[in-house]
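Let me begin by presenting the structure, written as structure tokens, before commenting on it.
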Amino acid sequence: MQAQWTALHDLPAHGREFSFHDEDIWKALFHDFDLQCRAEIPVHVNFTLIPAGDGVFIQGTLKGTIILQCHRCLEDARIVLEEAFDFFEPLEAEDNASRQSLIREQGGVLELDIIGLVWEQFLMALPDKILCSSSCKGICPHCGENRNIINCSCHETTGDPRLSVLRNLKISSN
Ligand SMILES: [Zn+2]
Ligand SMILES: [Zn+2]
């Protein structure tokens with residue numbers, strides 16, 4: 001995914017609004033960052049860039065509903081994104097050595113990477129754990145069944161090897 005640079009030198013003092021909701025760019029981002037994700041309600045990011053001293057103040061919102069893979073059961077997990085963000089981005093790229101800067105200088109003009117900014121906010125809006133539900137029971141490590149759908153009895157027979165005799169009896173009696 002290519003960066004999309006916007007020049008900062010001509011920002012009006014009250015700031016400038018941007019709206020980002022290009023579904024093709026989202027699809028390309030998901031693909032490029034190898035994220036199995038599709039939008040149920042396309043992700044919209046609206047933000048304002050306001051010049052402030054030796055940086056730019058960025059505030060906005062990110063909204064949408066996406067489908068990701070549940071970390072426990074690998075089925076669809078619906079994630080509703082609704083985040084507000086608000087931060088200061090210094091114009092000196094050197095100050096940002098710890099992370100990839102959103103700002104570069106090109107031909108004496110400072111520019112901000114709009115797509116980089118949007119992607120950063122998207123990643124920060126994701127929950128730490130992607131789950132289809134907070135009570136997702138996941139996949140049984142023994143039989144591989146989705147425990148949300150099939151109530152396997154593996155967990156009852158693990159742990160104590162002496163029970164394996166009973167387990168075998170149970171299987172043969174079926
Ligand atoms: Zn799940
Ligand atoms: Zn099982």
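When a ligand or atom number is given, it counts from 1 through the structure's own listing order.
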Original post:
In the hydrophobic cluster built from side-chain contacts under 4.5 Å, what are the other members alongside Ile150?
Top reply: Ile149
Original post:
Which residue pairs pass the side chain to side chain donor-acceptor pair (under 3.5 Å) test when at least one of the two sits in residues 36-45, sequence neighbours left out?
Top reply: Arg38-Asp76, Glu40-Arg78
**OP:** Any chance you could pull the hydrophobic cluster mates of Ile67, using side-chain heavy atoms under 4.5 angstrom and chaining through other members?
**Re:** none
Original post:
How many angstroms lie between atom CZ of Phe57 and atom CZ of Phe87, to the nearest 0.5 angstrom?
Top reply: 9.5 Å
Subject >> Nearby protein N/O/S atoms (those under 2.8 Å) for the Zn ion (ligand 1), with water ignored >> reply: Cys70 SG, Cys73 SG, Cys132 SG, Cys136 SG
Original post:
Any sub-3.5 Å donor-acceptor pair from Asn148's side-chain atoms to Lys137's backbone N or O?
Top reply: yes
Original post:
In this structure, are over 12 heavy atoms from other groups packed under 6.0 Å from Asp86 atom CG?
Top reply: yes
Original post:
N/O/S atom of Cys152 under 2.8 Å from the Zn ion (ligand 2), yes or no?
Top reply: yes
